[in-house]
There are 4 protein chains.
Amino acid sequence: MARKLVPEQHEEKRQLILEAAHRCFLRHGLQGASISMICKEAAMSPGHLYHYFPGKEAIIEQMADEYLSALHKHFEGQRETRDVATVLLSEIWSMNSWDDAAHCRILFELLAEAGRNERIRNILARNSDGVRRLLSDTLTAGQARGEVDASLNTEHTAAMLIAIVDAAPMLPLMLPGIDFDESRKLITTMVRRFLEPRQ
Amino acid sequence: MARKLVPEQHEEKRQLILEAAHRCFLRHGLQGASISMICKEAAMSPGHLYHYFPGKEAIIEQMADEYLSALHKHFEGQRETRDVATVLLSEIWSMNSWDDAAHCRILFELLAEAGRNERIRNILARNSDGVRRLLSDTLTAGQARGEVDASLNTEHTAAMLIAIVDAAPMLPLMLPGIDFDESRKLITTMVRRFLEPRQ
Amino acid sequence: MARKLVPEQHEEKRQLILEAAHRCFLRHGLQGASISMICKEAAMSPGHLYHYFPGKEAIIEQMADEYLSALHKHFEGQRETRDVATVLLSEIWSMNSWDDAAHCRILFELLAEAGRNERIRNILARNSDGVRRLLSDTLTAGQARGEVDASLNTEHTAAMLIAIVDAAPMLPLMLPGIDFDESRKLITTMVRRFLEPRQ
Amino acid sequence: MARKLVPEQHEEKRQLILEAAHRCFLRHGLQGASISMICKEAAMSPGHLYHYFPGKEAIIEQMADEYLSALHKHFEGQRETRDVATVLLSEIWSMNSWDDAAHCRILFELLAEAGRNERIRNILARNSDGVRRLLSDTLTAGQARGEVDASLNTEHTAAMLIAIVDAAPMLPLMLPGIDFDESRKLITTMVRRFLEPRQ
DNA sequence: TATGAATGAGGGTTCATTCAT
DNA sequence: GATGAATGAACCCTCATTCAT
């Protein structure tokens, strides 16, 4: 008689909301996007939205978490690749255009928010942690193979590389006419020269 | 009755408001800081504030303009310095701690806003333009002196260096324990290796 | 398929809901307690609750009815007691502490509500009626036995005694340090002196 | 040039709001009366109302405070009256009808709220304190003159008398047809018999 | 029976802005 | 120049209630 709980549907709805929220945040910012906008975007009444999330903060936080883990997922499964720089910059290489990068602009929202909101800051740190360890290991392996300058502190270098990758979407904002492919190559060149062993 | 010669006072008040706004934006974000907060911070009534600025947008825009030009002012007056990398990273070298960098966090607000607001985007582009030209000239001069790799496109390289400098305040957000001095050195090393002529 | 003989279960569930509602009303007030709170307290879904009651008002009304009749039930079965004052104040004497009295606080909610809501006012009047008649009869019997001042209008006196009993839970709110036993004795003394025949 | 602060006008507006709120609370209860209702009643926009009060709670609290102090103000200035009972029940005697008493019904709202809200409870206690001391002094003076039973604890007796006075508005709710004058006399009689010295 | 998805009006509150003085 | 009174739309969120299953 009683309807069974269908957690998959529940989870689907949550994802639907998160995607709608992501679009709104992209268009209007974390604070500028209102619950009622998200509701319209998700074709859902406000009362119902609160059935799935306890508040706006929770939406932002889960969105941030999933967004960041997706953003950095490119690194995984590429550990066997030979060229270290290619692995490190796989995220950039996986993008096809500035439109893709534009989609990343939500990172700025998060960085701005992280400066004032400890919870967002922790989410950011937690997500960076995993990637940083991955990059660090890759660098260490590269050093062992003689492909990476052995004098570099792999921990700090990894952190900086993440920052650089995350800064890439900045370029079109500061330099409207820039070409996507060329800037990608430029970053790669810089990283490669940075890492290669000094003779 | 007619008072004509007090435009200096007028300008002083505007600056006072802009500084108050800057502090509020730093604490609460561009959207999170309200006019009434800014009024309190500037010890001024809302009606009076609107005597100096036509609205919140105008405050944000002028604040952005002045903030960005101040941020990049370090480059000027250092053109005669010998070491190219030092010139290029003078902004970073002028900071003494992450606290100084924290003050730069407002840049994230602006980058986030620039993604959606054309006027802010233009202000950002206009300000970057000047610095980019400056950096570009420095790079060209460096190439002429044989200190910079001649194969690099100076325009694009300059743009990327700005992005890197602007990404620096990201680091403590992603990697809470990082040391300020070491990360500064790491960035410098990377840039130097990137630019030096290939043999 | 047809089940007919489960009206007891139906009634049980209704009581369960009423008890849960009572607890919520006590904690948050008639207007402050929400249906969803009551649902949680009764471990029941909102859809199900509406299977037993047509709405919040109905819950309040039946709760009020049962609460009031329970509150005044003490009077019954004590008619043969000799001392008139003891009968009249049996409700107060049946309480053991202010905790019990606290449980009576819901009466204030009802009195407040009765001031604006005619249906609650009627429920209150109807319940008081029964008790008032009971008290009135007790007083008349007392007058016949010469234990109660014969000049008192028994109807009005009964009404006032109910008000006094109902006002008892007020005391700890107004006089936080008061002792329960002493205030009980004080009320009894007052009532006894009031009722006793004048010589 | 700058307009002077006119604190009297500010205070006037606050009183205007409090009166509007009082009427709304009387009609719909403390929780049932909404800010927007109060705004309509006070002919004022919601934004403006928050210029005078930081929130609904503050309105309730100040209203409660002023209401209670007004309610008990009758006692003052009657200390020289000869008859103790008359002084003690001056509040009841000052009313002319149940309509006057109806206006007191807001007390039930406050009593109900006091059961859950510590701040309201404190306001209630603080206001009762003053009156209780006044009554207590009156009783002590009456004992000295031999008009009041010397065996009564004046503190507790005073507390109970307040409760009785406050319970008076209950009567028409429980007994719709009751006569105002007669019930007033009845209460007075009871109090007088209670207090008079025992021979 | 029983569930929880779904609604949309309304809750208290804050907002950028304008106005009379 | 300067004040703070005044607005009303919009903010996030909760409500009592209904519906499909």
Side-chain angles (χ1 to χ4, degrees), chain A residues 1-7 9-10 12-13 31-39 42-59, chain B residues 3 6 9-10 13 31-39 43-59, chain C residues 3 6 9-10 13 31-39 43-60, chain D residues 1-7 9-10 12-13 31-39 42-60:
Chain A
M1 315 305 180
R3 195 142 59 95
K4 270 164 205 143
L5 237 170
V6 191
Q9 276 189 16
H10 196 266
E12 260 174 43
K13 272 279 164 74
Q31 317 201 46
S34 73
I35 288 286
S36 78
M37 283 183 45
I38 296 172
C39 286
M44 180 175 281
S45 68
H48 197 24
L49 184 142
Y50 279 83
H51 204 75
Y52 294 95
F53 289 93
K56 197 187 178 188
E57 286 212 351
I59 297 179
Chain B
R3 299 144 289 155
V6 270
Q9 277 191 13
H10 191 83
K13 275 280 166 80
Q31 319 202 46
S34 72
I35 289 283
S36 80
M37 283 182 46
I38 296 171
C39 285
M44 181 176 284
S45 68
H48 200 28
L49 184 143
Y50 276 82
H51 201 78
Y52 293 94
F53 289 93
K56 196 186 178 187
E57 287 212 352
I59 298 178
Chain C
R3 299 146 287 157
V6 270
Q9 277 191 13
H10 191 83
K13 275 280 165 82
Q31 318 202 47
S34 72
I35 289 283
S36 80
M37 283 182 46
I38 296 172
C39 286
M44 180 176 285
S45 66
H48 200 27
L49 183 144
Y50 277 83
H51 200 78
Y52 293 95
F53 289 93
K56 197 188 179 186
E57 287 212 352
I59 298 178
I60 292 179
Chain D
M1 316 303 177
R3 195 141 59 95
K4 271 164 205 146
L5 238 170
V6 191
Q9 275 189 17
H10 195 267
E12 260 174 44
K13 271 278 162 75
Q31 316 199 46
S34 73
I35 288 285
S36 78
M37 283 183 45
I38 296 173
C39 286
M44 181 176 281
S45 67
H48 198 26
L49 184 143
Y50 278 83
H51 204 75
Y52 295 94
F53 288 93
K56 198 189 179 185
E57 286 212 351
I59 297 178
I60 293 179

Subject >> Footprint string (nucleotides 8-14 of chain F, 5' to 3'): B base within contact, S backbone only, - free, heavy atoms under 4.0 Å >> reply: BB-SSBB
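- At least one donor-acceptor pair under 3.5 Å links the side chain of Lys56(C) to the backbone N or O of Ala33(C).
- Rounded to whole angstrom, the span from the CG atom of Leu49(B) across to the C1' atom of dT18(E) amounts to 13 Å.
- At whole-Å resolution of the value, CD in Gln9(C) and C1' in dT1(E) are 10 Å apart.
- Taking both residues in full, the closest heavy atoms of Cys39(B) and Pro46(B) are given as SG-CA, 3.4 Å, listed atom of the first, atom of the second, then distance.
- Atom CD1 of Ile59(C) and atom C1' of dT17(F) are 12 Å apart (whole Å).
- Nearest heavy atom pair, residue His10(B) against residue His51(B), reads CE1-O, 4.3 Å.
- When rounded to the nearest whole Å, the span between NE2 of His51(B) and P of dG1(F) equals 5 Å.
- Put simply, CD1 on Ile60(D) and CD on Gln31(D) are 7.5 Å apart, with the number rounded to the nearest 0.5 Å.
- Close to dT1(E), at under 4.0 Å from its OP1 or OP2, lies a side-chain N or O of His10(C).
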Subject >> Under the 3.5 Å Watson-Crick or G-U criterion, the dot-bracket string of DNA chain E, with | for inter-strand pairs >> reply: .||||||||||||||||||||
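- Distance Glu12(A) CD to dA5(E) P: 13 Å, rounded to the nearest Å.
- Judged by closest nucleotide on DNA chain F, Met44(B) is the one of Met44(B) and Met44(D) placed further toward the 5' end.
- Distance check: Ile35(C) CD1 to Leu49(C) CG gives 5.5 Å after rounding to the nearest 0.5 Å.
- Here the C1' atom of nucleotide dT17(F) and the CD1 atom of Ile38(C) are 13 Å apart, to the nearest Å.
- Among the nucleotides dT1(E), dT3(F), dA5(E), the one closest to any side-chain atom of Tyr52(A) is dA5(E).
- The aromatic rings of His48(D) and Tyr52(D) stand perpendicular to each other, their planes meeting at an angle above 60°, with 30° marking the opposite boundary.
- Residue Lys13(C) places no side-chain N or O under 4.0 Å from the OP1 or OP2 atom of dT1(E).
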